[in-house]
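Note that the structure is a prediction, hence the values are computed from the model and not measured.
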Amino acid sequence: MARELFIIPLLFLFLFAGLCRGSKIGVCYGRNADDLPTPDKVAQLVKLQQIKYVRIYDSNIQVIKAFANTGVELMVGVPNSDLLAFSQYQSNVDTWLKNSILPYYPATMITYITVGAEITESTVNVSSLVVPAMTNVHTALKKAGLHKRIKVSSTHSLGVLSRSFPPSAGAFNSSYAFFLKPMLEFLVENQSPFMVDLYPYYAYRDSPSNVSLNYALFSSSSSDVIDPNTGLVYTNMFDAQLDAIFFALMALNFRTLKVMVTESGWPNKGSAKETAATPDNAQTYNTNLIRHVINDTGTPAKPGEEIDVYIFSLFNENRKPGLESERNWGLFYPDQTSIYSLDLTGRGNVDVITGANVTSSNGTWCVASSNASELDLQNALDWACGPGNVDCSAIQPSQPCYQPDTLLSHASYAFNSYYQQNGATDVACSFGGTGVKTAKDPSYDKCVYATSGYVYINPY
């Protein structure tokens, strides 16, 4: 008699590994969209996926409240638009902390406050405001006795450098020295990290003749790049970009400052000219990046360095301006179904009970189409759980596949069960055009989508 195989959710694997080692993986939760789930549902999804570190870009009270008692560590942000008020008067910051942070801490585990985001990219010059604003936030935290528990920093784009290649020649743009030097001194004094957003995708997109796609994606088949000054060998663009930051800091004698990558990722969709923005490439990049981080690989210049990285982003954001890719960096659709699966261990799915590898590369699954209407999906779901003789107990409340509580998710589970029970044929995945076949395992957490090659028997 076969026993049930409980499959570890992929996001859990990389986060669990991050807990066992020094480096951490988080996820950015951007909200520039009009179709996202409520913060409460997002917090449920984050908890379901065992994500332990989340970055938000403001201090929205509903979002902060939603993460109370979840065990998730939250990085909150002060937008660039607030820097003037935060830099002018300490009382403004004291009031903000009193109203937006203190009532919800420590139930919500706020660990970082980012003051300003990529200020050198801002259309409005706010560079001179950021350090005074950071200082005022730190002062407010100190008054509350939280300055050692909540760290203050600011995020930067790679554009803060005037030169990034070769990595050993990394140097900060001298025109930013007036705010960078006091900022770096602030970070060292208060043991806060230097935060940077790194995107090998843009390096490839903007210069495909000089940067190979394989190099940008961490592919093992990419050609090595050797730094002529140091002889260090680079196998991927991420390490080269990060070492450029390390060398720029060392050039200013800030050798011990910890660097945190507060955004990195790959778009899953783009315009016709953005040919590299695909789900497959996004899956490849994020899988390789996460493996790189949780193994504490470090970089050629800093081998074994613990580097915390936040994946951008949790959802696609349909209101972001710019090219098509700007709206499509998500790991999940707004209905909370995954855009692509992530093999975050590189070893296939892992059986929780035995730790043995489970190879499902030859399997296929049937899921509900995201293009189907709710009425058609509901009718198909009702048929599958009724005349179709599918056991739909797993999608009932408190059962393994109930969350996310969406029609698309529940229909996907039922469709797949029917499909596997009836020979995994094309006809068995029709459901009036609402079903689609996939070669990627949609299983998550303890919700196991059966394949025709396995029999699952509940041991409880």
Side-chain angles (χ1 to χ4, degrees), residues 10-11 13-14 17-18 23 25-28 157-158 164-167 196-227 232-245 261-301 303 305 307-314 316 323-332 338-348 361 439-441:
L10 296 177
L11 284 172
L13 283 172
F14 78 77
S23 300
I25 286 285
V27 178
C28 300
S157 73
L158 198 62
S164 60
F165 185 83
V196 63
D197 302 338
L198 298 181
Y199 286 103
Y201 169 75
Y202 290 126
Y204 169 76
R205 186 196 70 180
D206 297 340
S207 188
S209 60
N210 295 319
V211 178
S212 75
L213 182 59
N214 285 336
Y215 187 65
L217 291 173
F218 290 86
S219 173
S220 59
S221 59
S222 69
S223 299
D224 294 344
V225 175
I226 300 175
D227 187 315
L232 294 174
V233 177
Y234 290 86
T235 59
N236 63 82
M237 175 58 76
F238 178 86
D239 279 353
Q241 292 182 337
L242 189 51
D243 270 356
I245 294 289
V261 179
T262 39
E263 287 182 14
S264 194
W266 198 280
N268 59 70
K269 183 181 178 182
S271 62
K273 293 182 179 180
E274 296 177 292
T275 56
T278 68
D280 284 346
N281 284 343
Q283 178 189 46
T284 298
Y285 178 81
N286 284 329
T287 297
N288 290 335
L289 172 62
I290 290 162
R291 183 187 302 124
H292 191 61
V293 171
I294 66 173
N295 287 342
D296 282 334
T297 305
T299 68
E305 181 82 0
I307 301 164
D308 298 342
V309 176
Y310 284 73
I311 302 296
F312 187 86
S313 182
L314 193 60
N316 287 341
L323 296 174
E324 180 71 15
S325 63
E326 290 299 311
R327 292 175 286 282
N328 292 283
W329 290 80
L331 300 176
F332 296 91
S338 58
I339 295 173
Y340 50 86
S341 61
L342 292 178
D343 177 11
L344 300 169
T345 67
R347 297 188 299 271
S361 58
K440 295 178 179 178
D441 188 353

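Between A276 and Y204, the shortest heavy-atom distance links the atoms CB-CE2, 3.5 Å. Counting all heavy atoms, side chain and backbone alike, P300 lies closest to V233 at CG-O, 3.4 Å. Scanning all heavy atoms of the two residues, the minimum distance from G298 to H292 falls at O-NE2, 3.3 Å. Taking each heavy atom of M237 and P200 in turn, the nearest pair found is CG-CB, 3.7 Å. The heavy-atom pair separating E263 from D197 by the smallest distance is N-OD1, 3.3 Å.
Of the candidates V309, T299, D243, L217, V309 is the only one forming a side-chain contact (heavy atoms from CB on, under 4.5 Å) with F238. When each of S221, S222, S223 is checked for a side-chain hydrogen bond (donor to acceptor under 3.5 Å, both in side chains) with N214, only S221 meets the rule.
The number of heavy-atom neighbours closer than 6.0 Å to NZ of K269, taken from other residues, nucleotides and ligands shown, is 12 or below.
Rounding to the nearest 0.5 angstrom, the gap separating the CG atom in N236 from the OG atom in S212 is 10.5 Å. If you take OG on S264 and OH on Y310, they are separated by 14.0 Å, rounding to the nearest 0.5 Å. Between the OG1 atom in T275 and the CG atom in N281 there is a gap of 8.5 Å [rounded to 0.5 Å]. Distance check: W266 CH2 to Y199 OH gives 12.5 Å after rounding to the nearest 0.5 Å. With rounding to the nearest 0.5 Å, the separation of CD in Q283 from CG in N288 is 10.0 Å. Distance CZ/F165 to OG/S207: 10.5 Å, rounded to 0.5 Å.
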Practice problem: Start with the C-alpha gap between I339 and N316, add the side-chain angles, then the distance that decides, and say whether side-chain contact (heavy atoms from CB on, under 4.5 Å) holds. | Solution: CA-CA 9 Å; I339 295 173; N316 287 341; 3.5 Å; yes
Quiz prompt | Verdict with supporting geometry, R205 and S325, side-chain contact (heavy atoms from CB on, under 4.5 Å) | solution = CA-CA 11 Å; R205 186 196 70 180; S325 63; 4.2 Å; yes
Exercise. Might you work through the side-chain contact (heavy atoms from CB on, under 4.5 Å) test for N268 and W329, ending with a clear yes or no?
Key: CA-CA 6 Å; N268 59 70; W329 290 80; 5.6 Å; no
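Annotation: Y285 is in aromatic contact with F218 [ring centroid separation under 6.0 Å].
Side-chain contact between F332 and L314 is present, with heavy atoms from C-beta onward closer than 4.5 Å. With a 4.5 Å cut-off on side-chain heavy atoms, L198 and L242 count as touching. The side-chain heavy atoms of L289 and I311, taken from C-beta on, include a pair separated by under 4.5 Å. Residues Y234 and L232 are in side-chain contact: their nearest non-hydrogen atoms beyond the backbone lie under 4.5 Å apart. By the 4.5 Å heavy-atom criterion applied to side chains, Y340 and N286 are counted as neighbours. D308 places none of its side-chain heavy atoms less than 4.5 Å from the side chain of V261.
Looking at S23, its side chain does come within 3.5 Å of a backbone N or O of I307 through a donor-acceptor pair. In this structure a side-chain-to-backbone donor-acceptor pair under 3.5 Å is present from N328 to E324.
The side chain to side chain contact (heavy atoms under 4.5 Å, CB included) check on S157 picks up E118, T120, E121, with sequence neighbours excluded.
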